[in-house]
Amino acid sequence: MSRILVTGGAGYIGSICAAEFIRQGHRVTILDDLSTGFRDAVPAEADFSPLRLQDHAAIAALCARRNFDGVYHFAGKALIPESIVNPGVFFDCNLAAGIRFLETLRHQGVRRFIFSSTAAVYGDPQTLPMPETHPVAPLNAYGESKLAFERVLAWYARAYGWNVTIFRYFSAAGATAEHGERHQPETHVIPLLLSAAAGEIPAFTLYGRDYPTPDGYCWRDFIHVRDLARAHAMVWAQDRPGCEIYNLGSGIMYSLQQLCSTVQSVSGRNFSVRIGSRRPGDPARLCADPAKFMRAFSWQPRDSELETIIRDAWHWKLSAARFGPAGVAA
Ligand SMILES: NC(=O)c1ccc[n+]([C@@H]2O[C@H](COP(=O)([O-])OP(=O)(O)OC[C@H]3O[C@@H](n4cnc5c(N)ncnc54)[C@H](O)[C@@H]3O)[C@@H](O)[C@H]2O)c1
């Protein structure tokens with residue numbers, strides 16, 4: 001059993017990964033300021049510290065008490081449109097607070113670090129699918145702040161002998177029975193589609209029908225959070241110094257139009273779909289080449305078929321409506 005600190009474990013991906021680490025027998029402490037996460041998403045078996053990444057003294061005290069074997073760092077600001085108009089907040093949280101956090105960990109002797117980065121570090125694809133060697137050229141402060149932090153981590157691995165894993169996720173999607181994706185306010189494509197199917201919003205808006213793709217809509221690579229969680233758990237077993245970057249995607253692209261029709265068929269509900277104009281900074285197509293991680297860990301995406309993703313997300317949505325997101329009868 002290891003003692004693991006999970007930052008951002010009250011959020012979408014962090015809560016699902018934390019539940020997986022607990023299932024595997026680890027002792028998990030979650031650090032989260034609930035700025036975009038939810039207290040009821042924290043798995044019941046985890047210890048919870050309601051701290052901000054910026055609370056350096058309190059984090060140092062927490063690390064000294066718990067003597068962590070390593071850290072999964074999911075916490076961060078992640079809304080691309082917000083990062084375009086408010087870049088300072090992103091550099092402050094994702095980079096500046098992150099570096100102070102690394103220094104705190106270093107002084108406490110923690111050397112194992114797994115970081116949630118993003119496909120946004122690549123910018124517009126020059127080749128598809130995109131391997132880790134694809135040039136990096138972020139189009140927004142979100143991607144830039146994540147890339148800068150990746151580079152800091154590479155130096156920590158080199159200078160201090162840390163064991164660093166950097167995951168560049170493509171579009172995380174789907175749900176487990178207990179945990180799913182939600183934001184306040186909601187701006188993410190799958191939760192919005194499910195809200196339209198549930199009749200909570202009058203229509204769903206698809207941005208752009210004039211992209212250079214076969215059907216004119218954006219195409220994206222969705223990866224089921226269960227596949228992400230398995231990948232995160234797998235790297236824990238490998239404890240050696242160095243810094244490795246892995247793309248995590250399914251390697252398959254789906255059109256957003258196909259996403260809409262899958263939500264309609266899985267939910268059995270029809271809803272209106274409006275066509276809006278393109279949003280700035282949305283690449284026409286994004287697709288991971290996840291071969292490096294597949295080879296290194298014999299990992300395969302098992303649940304990332306579009307229908308499985310949507311079915312799981314829809315079931316979670318229905319059960320959250322019935323029982324509340326924490327699974328407690330409303
Ligand atoms: N969801 C995706 O498709 C996706 C894709 C690429 C990368 N990522 C990255 O994965 C990570 C998790 O994403 P998510 O979708 O679960 O987001 P999320 O917003 O659901 O989770 C982030 C969590 O971090 C917490 N947090 C934010 N700032 C904090 C701070 N200063 N101190 C303490 N806690 C803080 C939030 O309260 C939240 O619980 C993020 O770093 C994001 O950039 C996500």
Side-chain angles (χ1 to χ4, degrees), residues 5-19 29-43 46 48-56 58-59 62 71-80 82-83 89-101 104 113-122 130 138 140-150 153 166-176 179-191 220-225 227-229 231-232 245-250 286 288 304 309 313 325:
L5 176 62
V6 176
T7 74
Y12 171 43
I13 304 172
S15 62
I16 290 173
C17 290
T29 299
I30 285 175
L31 182 160
D32 198 301
D33 68 357
L34 303 181
S35 52
T36 57
F38 299 87
R39 179 64 182 88
D40 62 23
V42 172
F48 180 58
S49 285
L51 296 174
R52 294 178 75 216
L53 267 183
Q54 290 84 342
D55 295 335
H56 305 293
I59 294 175
L62 177 71
V71 175
Y72 282 85
H73 185 42
F74 298 95
K77 293 201 63 73
L79 281 182
I80 290 179
E82 187 190 350
S83 89
V89 175
F90 280 69
F91 288 110
D92 182 49
C93 179
N94 295 351
L95 183 60
I99 295 171
R100 292 289 308 279
F101 179 49
T104 303
F113 197 87
I114 296 100
F115 174 51
S116 301
S117 189
T118 168
V121 299
Y122 295 121
M130 303 159 88
N140 45 62
Y142 167 62
E144 192 76 56
S145 66
K146 290 283 190 177
L147 180 61
F149 195 63
E150 285 189 5
L153 284 172
I166 294 169
F167 283 128
R168 292 176 178 164
Y169 312 150
F170 282 64
S171 301
T176 61
H179 301 278
E181 183 177 14
R182 58 188 153 132
H183 311 91
Q184 195 59 262
E186 191 55 80
T187 55
H188 289 61
V189 61
I190 293 180
R220 290 290 177 270
D221 176 335
F222 295 100
I223 169 115
H224 197 298
V225 273
D227 286 329
L228 279 185
H232 283 73
I245 299 178
Y246 298 106
N247 282 341
L248 283 182
S250 64
L286 282 177
S304 294
I309 284 175

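We use all heavy atoms of the structure for the numbers below, so side chains are in, but hydrogens, waters and symmetry mates are not. We count ligands from 1, going down the list as the structure has it; atoms in each ligand are counted the same way.
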Could you tell me whether ligand 1 has any atom less than 4.0 Å away from a heavy atom of [X]?
{"X": "R52", "value": "yes"}
{"X": "R168", "value": "no"}
{"X": "A97", "value": "no"}

Using a 3.5 Å cut-off on N or O atoms only, is [X] in polar contact with ligand 1?
{"X": "G37", "value": "yes"}
{"X": "F74", "value": "yes"}
{"X": "S35", "value": "yes"}
{"X": "S171", "value": "no"}

What protein heavy atom sits nearest [atom], and how far off is it?
{"atom": "atom 37 (O) of ligand 1", "result": "D32 OD1, 2.6 Å"}
{"atom": "atom 3 (O) of ligand 1", "result": "A172 N, 3.0 Å"}
{"atom": "atom 10 (O) of ligand 1", "result": "Y169 CE1, 3.3 Å"}
{"atom": "atom 32 (N) of ligand 1", "result": "L53 N, 2.9 Å"}
{"atom": "atom 17 (O) of ligand 1", "result": "Y12 N, 4.6 Å"}
{"atom": "atom 18 (P) of ligand 1", "result": "T36 OG1, 3.9 Å"}

Item to check | Steps toward side-chain contact (heavy atoms from CB on, under 4.5 Å) verdict (R39, F48) | outcome: CA-CA 9 Å; R39 179 64 182 88; F48 180 58; 3.2 Å; yes
Checklist entry - Mind checking whether T29 and S49 have side chains closer than 4.5 Å, heavy atoms only? => result yes
Next on the checklist: Does the plane of the ring in Y246 sit parallel, tilted or perpendicular to the ring in F167? Use 30° and 60° as the thresholds.
Outcome noted: tilted
Checklist entry - Taking only heavy atoms of L51, which atoms of ligand 1 are found under 4.0 Å from at least one of them? => result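 Going through ligand 1 atom by atom, the ones under 4.0 Å from L51 are 33 (C).
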Just let me know how [X] lines up against ligand 1, side chain, backbone, both or neither, with a heavy-atom cut-off below 4.0 Å.
{"X": "S117", "answer": "backbone"}
{"X": "N94", "answer": "neither"}
{"X": "T7", "answer": "neither"}
{"X": "K146", "answer": "side chain"}

Checklist entry - Between F101 and H73, does the ring centroid distance fall short of 6.0 Å? => result yes
Candidate with minimal heavy-atom separation from [atom], of [options]:
{"atom": "atom 33 (C) of ligand 1", "options": "D33, I190, T118", "answer": "D33"}
{"atom": "atom 31 (N) of ligand 1", "options": "R182, Q54, R39", "answer": "Q54"}
{"atom": "atom 9 (C) of ligand 1", "options": "Y142, F170, Y72, F38", "answer": "Y142"}
{"atom": "atom 13 (O) of ligand 1", "options": "V6, I13, I30, D55", "answer": "I13"}
{"atom": "atom 24 (O) of ligand 1", "options": "S116, A10, A119, A75", "answer": "A75"}

Item to check | Residue of the set F74, Y169, F149, Y72 for which ring-ring contact (aromatic ring centres under 6.0 Å, His included) holds with F115 | outcome: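 Output: one option passes, namely F149.
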Next on the checklist: As a test of the contact definition, would atom 20 (O) of ligand 1 count as having a protein heavy-atom neighbour under 4.0 Å?
Outcome noted: yes
